[in-house]
Amino acid sequence: FSQTDEDGITFEICRRIGLAEGQFIEFGIGDGTENNTLALAAAGWSGAWFGNENLAFSTEGSRIKYKQGWITLDNVFDIVLEAGVDPPCVDLVSFDLDGNDYYMIDKLLTHGLKPKVFISEYNAKFMPPIRFKIELDESHRWNHDDYFGASLSSLDDLFSGHGYRLV
């Protein structure tokens, strides 16, 4: 269900750390048919999705809660709480909003969301060791160009500062 084999990579990482099932949250799930956690839900995980698009199917009665709306730096942590998610119980986070990701991830981590696995899209245009992140702009919308998110080195610095390591 993922765009570029993230499903298999995610399952292997979880296998290696002994995480057979758990709770996930995903930011930026599109219409729900192509994302990083749908396969986890099919494997028995539960979780919450956050995004601005209409879903291609209903999540009613499933293990997935969906909260639709524009995600900003001001609301990114609050929507997690409003969805009934207990941050210390989250095992895996996937983040792909094509914009202010760096700033929002920093806020989530700073406010105590510390999953065992954190998946983040990065801007591969800026290869290591280049450090790049877009300027914070709450109205940013991806224009199918190279101006989005942050470089791998910038995200690695951010995550390392919160006790994570790149795999």
Side-chain angles (χ1 to χ4, degrees), residues 1-68 71 76-77 79-81 83-102 104-128 142 148-167:
F1 299 106
S2 60
Q3 293 175 339
T4 52
D5 298 328
E6 291 95 336
D7 294 339
I9 295 165
T10 299
F11 279 113
E12 181 60 17
I13 290 169
C14 290
R15 185 193 68 76
R16 289 183 185 196
I17 65 171
L19 188 57
E21 69 177 52
Q23 185 178 20
F24 62 80
I25 58 176
E26 183 162 1
F27 296 85
I29 50 90
D31 69 1
T33 61
E34 186 178 78
N35 60 43
N36 290 331
T37 56
L38 186 56
L40 294 174
W45 289 53
S46 62
W49 286 349
F50 306 100
N52 199 39
E53 294 185 38
N54 292 322
L55 294 181
F57 53 89
S58 172
T59 60
E60 190 172 326
S62 75
R63 293 191 267 310
I64 303 169
K65 298 176 189 174
Y66 179 55
K67 178 151 176 67
Q68 185 177 13
I71 302 167
V76 70
F77 190 74
I79 62 174
V80 171
L81 300 176
V85 174
D86 184 12
C89 295
V90 174
D91 297 295
L92 183 141
V93 172
S94 179
F95 207 98
D96 180 359
L97 294 179
D98 299 327
N100 298 304
D101 301 29
Y102 178 94
M104 293 186 201
I105 291 168
D106 187 36
K107 183 167 185 176
L108 292 170
L109 294 170
T110 300
H111 280 75
L113 185 63
K114 304 280 182 157
K116 295 171 185 76
V117 177
F118 204 120
I119 301 166
S120 175
E121 178 185 57
Y122 67 94
N123 189 330
K125 174 78 174 192
F126 303 97
M127 63 186 130
W142 183 50
F148 69 92
S151 66
L152 182 61
S153 292
S154 291
L155 286 169
D156 187 34
D157 291 345
L158 172 63
F159 282 110
S160 294
H162 288 278
Y164 286 89
R165 65 184 176 93
L166 180 65
V167 293

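What you are looking at is a predicted structure, and each value in this text was computed from that prediction instead of being measured.
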Is there side-chain contact between [X] and [Y], with heavy atoms separated by less than 4.5 Å?
X    : Y    : result
M104 : F27  : no
E26  : L38  : no
I9   : D7   : no
T10  : F24  : no
L55  : I29  : yes
S154 : F126 : no
H162 : D106 : yes

[X] side, atom [atom1]; [Y] side, atom [atom2] - distance, nearest 0.5 Å:
X    : Y    : atom1 : atom2 : result
F95  : Y102 : CZ    : OH    : 13.5 Å
M127 : S153 : CE    : OG    : 10.5 Å
C14  : E21  : SG    : CD    : 11.5 Å
R63  : Q23  : CZ    : CD    : 12.5 Å
L158 : F118 : CG    : CZ    : 8.5 Å

**OP:** Flag yes if more than 12 heavy atoms outside Y122 fall under 6.0 Å of its OH atom; otherwise flag no.
**Re:** no
**OP:** Can you establish whether the number of heavy atoms outside D86 located under 6.0 Å from its atom CG is more than 12?
**Re:**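 Above 12, so yes.
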Looking only at heavy atoms, what is the nearest atom pair of [X] and [Y], with distance?
X    : Y    : answer
D96  : D98  : OD1-OD1, 3.0 Å
A56  : T33  : CB-CG2, 3.7 Å
L108 : V76  : CD2-O, 3.9 Å
P115 : Y164 : O-OH, 2.6 Å
N36  : S2   : OD1-CB, 3.6 Å
P87  : G112 : CB-O, 4.1 Å

Subject >> Positive for side-chain contact (heavy atoms from CB on, under 4.5 Å) with L92, one of I25, V117, I13 >> reply: V117
Subject >> I105 vs S120, side-chain contact (heavy atoms from CB on, under 4.5 Å): CA-CA, chis, key distance, verdict >> reply: CA-CA 9 Å; I105 291 168; S120 175; 3.4 Å; yes
Using modelled atom types and a 3.5 Å cut-off, is there a donor and acceptor pairing between side-chain atoms of [X] and backbone atoms of [Y]?
X    : Y    : result
D101 : L97  : yes
N123 : F148 : yes
D157 : L155 : no
K65  : A83  : yes

Original post:
Which residue pairs pass the side chain to side chain donor-acceptor pair (under 3.5 Å) test when at least one of the two sits in residues 43-61, sequence neighbours left out?
Top reply: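 Non-adjacent pairs meeting side chain to side chain donor-acceptor pair (under 3.5 Å): T37-W49, N54-Q68.
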